[in-house]
Trainee: 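Here it is, the structure, as structure tokens.
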Amino acid sequence: MYNDEVMDRYQNPAKNGKMEDFEIKIDEASSTCGDRVVLYIKTDGNGRISNMMWQGEGCILSVVSTDIFCENAIGKEINSLRGQDDLAFVENFPIKISPGRINCVMLPLRAFRRGTKEK
Amino acid sequence: MISDFCKKEDFPIFKKKFNGKSMVYLDSTATTQKPKQVLDAIVNYYEGSNANVHRSVYKLADDATELYENSRSNVAEFIGARSNEIVFTRNTTESLNLLSFTIGESLRKGDRILITSMEHHSNILPWMRLEERGIYLDYVGFDKEGHLDIEDLKSKLKRETKIVSVTHQSNVLGTINPIEEIGKAAKENGSTFIIDAAQSVPHMPFKMKEQYDFVAFSGHKMLGPMGIGVLYGKYHLLEEMPPFNRGGEMIKDVDFHSAIFEDPPIKFEAGTPNVEGAVGLAAAVYYLKKIGMEEVRRHEKHLTSMTLKKLEDLKNVKYYGPRNAEERGGVIAFNVEDSSNLKNDLESKNVKVDRLYHSHDIATFLDERNVYVRSGHHCAEPLMRSLHLPGTARASFYVYNGEEDVEAFVSSLGEL
């Protein structure tokens with residue numbers, strides 16, 4: 001299913017797991033597909049992400065997108081992550097996404113934006 | 001193919017190729033494809049008879065009105081009703097909302113409404129809104145094979161139960177509910193009995209019974225166009241009900257501060273109606289009648305039992321609903337077990353997971369093989385919660401599907 005890159009990450013995610021010393025915890029559920037993801041975020045104190053992990057379950061696309069999102073976030077500013085373009089975000093996913101599956105890929109970015117709104 | 005009266009070639013959409021391959025359309029529970037006869041009827045209406053109905057007195061307007069009213073008669077005859085008992089709506093959802101905003105409004109605090117845990121959202125949300133006024137919504141459960149628990153239903157029929165509204169066939173489990181028996185119990189209790197027939201009228205012979213007060217269904221799920229639905233109501237009940245929408249067409253007389261409403265069914269059809277929809281639906285009814293609804297049911301039952309048998313050979317596939325095709329319609333919700341490492345790993349860390357592929361992943365996998373199935377919760381979240389599932393994939397059949405579609409579906413699924 002999908003391609004090797006996606007399936008490898010699905011089966012061996014880099015950032016899956018609980019973080020104990022997080023500063024921000026975002027609990028996101030997508031009622032339309034039953035996906036549930038928790039993002040744990042730690043910053044360097046200056047608005048830059050020093051680590052991000054996730055837990056939860058969902059479809060392969062949302063899980064892989066979340067894992068990539070966590071890995072790519074390290075060292076970035078919260079605001080620049082929040083401000084990235086939706087279309088570019090979906091296009092940067094390792095495989096082409098059909099319109100019906102865009103929400104799956106968008107799950108981590110939407111969660112992140114919602115959970116970091118007041119930060 | 002089902003019969004001489006239904007050929008895949010009648011459905012222009014099946015000429016369409018994706019990557020050079022034909023599609024295997026298995027989502028007729030969501031909406032059906034349209035035969036050329038229905039499309040032609042719509043074009044012919046616009047090319048030959050288009051005018052506003054029930055208004056003007058010239059010949060073209062008479063033509064349009066006659067076509068619209070004949071459509072109503074054809075739909076009425078199809079389900080064994082009289083034409084003045086057929087209200088045209090947009091869809092099943094609107095038919096049920098019409099009831100919520102008319103008979104639902106007459107309920108009082110402490111009254112109860114009885115539905116089932118296998119309803120589509122369209123037969124839940126119109127009733128749930130009344131809970132704000134102190135009206136209770138009760139749910140009838142079902143057993144592990146998806147049969148409605150009739151004893152539970154009878155025990156929940158209380159003196160305060162004013163409305164019983166039940167799906168004839170579940171859009172997920174496929175369960176065909178014993179509506180005659182449920183209707184009798186409801187009427188003995190003095191309750192108004194409503195049937196959500198969105199998944200039954202298109203797929204099996206449906207004949208009106210004395211105990212049925214209201215029946216709702218959609219045109220687009222029975223080869224007709226989108227945007228046309230039906231609400232059957234007993235005439236005396238329709239007469240007693242207040243209007244739903246108000247405006248053009250539905251009045252006899254309007255003064256500055258008062259109005260006299262038209263008789264049913266026009267009383268419930270405010271504004272210019274969907275004439276092309278009614279004409280298209282009548283053409284769809286004609287098409288189905290030519291095949292014969294007994295034959296439609298027999299054909300779907302055959303495809304369903306063939307599929308269930310093949311799915312039982314796929315050890316990683318789990319399907320829901322009755323095992324016996326006699327007790328279910330041509331809709332099969334299923335999941336596929338996933339033995340990939342991530343979830344095993346989570347389980348070793350004591351995180352409880354059901355080791356199933358997500359239904360969207362199954363649907364995308366099948367999509368890559370031109371097999372189109374639905375995925376998600378199928379607008380029946382309380383049902384999904386009863387099953388403790390986030391969702392399922394779902395394959396469903398109609399008159400244009402054949403054994404070759406079952407073969408393509410099962411062999412594609414076997415590759416997962």
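In what follows, every chain begins at residue 1, and chains take the letters A, B, ... in the order their sequences are listed. Values below: all heavy atoms of this structure, side chains included; hydrogens, waters and symmetry mates excluded. Everything numeric in this text was worked out from a predicted model, so none of it was measured.
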Trainee: Among side-chain atoms of A/Tyr10 and B/Asp361, is any donor-acceptor pair under 3.5 angstrom?
Mentor: no
Trainee: How far apart are the closest heavy atoms of A/Gly58 and B/His358, and which atoms are they?
Mentor: C-CD2, 3.6 Å
Trainee: With a 4.5 Å heavy-atom cut-off, do A/Leu61 and B/His360 have their side chains touching?
Mentor: no
Trainee: With a cut-off of 6.0 Å (strictly less than), are more than 12 heavy atoms of other residues, nucleotides or ligands near CD of B/Glu132?
Mentor: no
Trainee: Considering residues, nucleotides and ligands other than B/Phe14, do more than 12 of their heavy atoms fall under 6.0 Å from its CZ?
Mentor: yes
Trainee: If you count the non-hydrogen atoms of other residues, nucleotides and ligands that lie under 6.0 Å from CZ in A/Arg113, is the total more than 12?
Mentor: yes
Trainee: Taking atom NZ of B/Lys17 as the centre, does the number of heavy atoms from other residues, nucleotides or ligands within less than 6.0 Å exceed 12?
Mentor: yes
Trainee: Heavy-atom distance under 4.5 Å to chain A: side chain of B/Glu368, backbone, both or neither?
Mentor: side chain
Trainee: Could you give the distance from CG (B/Asp367) to CZ (A/Arg101), rounded to the nearest 0.5 Å?
Mentor: 9.5 Å
Trainee: Quick check for you: to the nearest 0.5 Å, what is the distance between B/Asp338 atom CG and A/Ile60 atom CD1?
Mentor: 6.5 Å
Trainee: Take a 6.0 Å sphere around CZ of B/Arg129 and say whether it holds more than 12 heavy atoms from other residues, nucleotides or ligands.
Mentor: yes
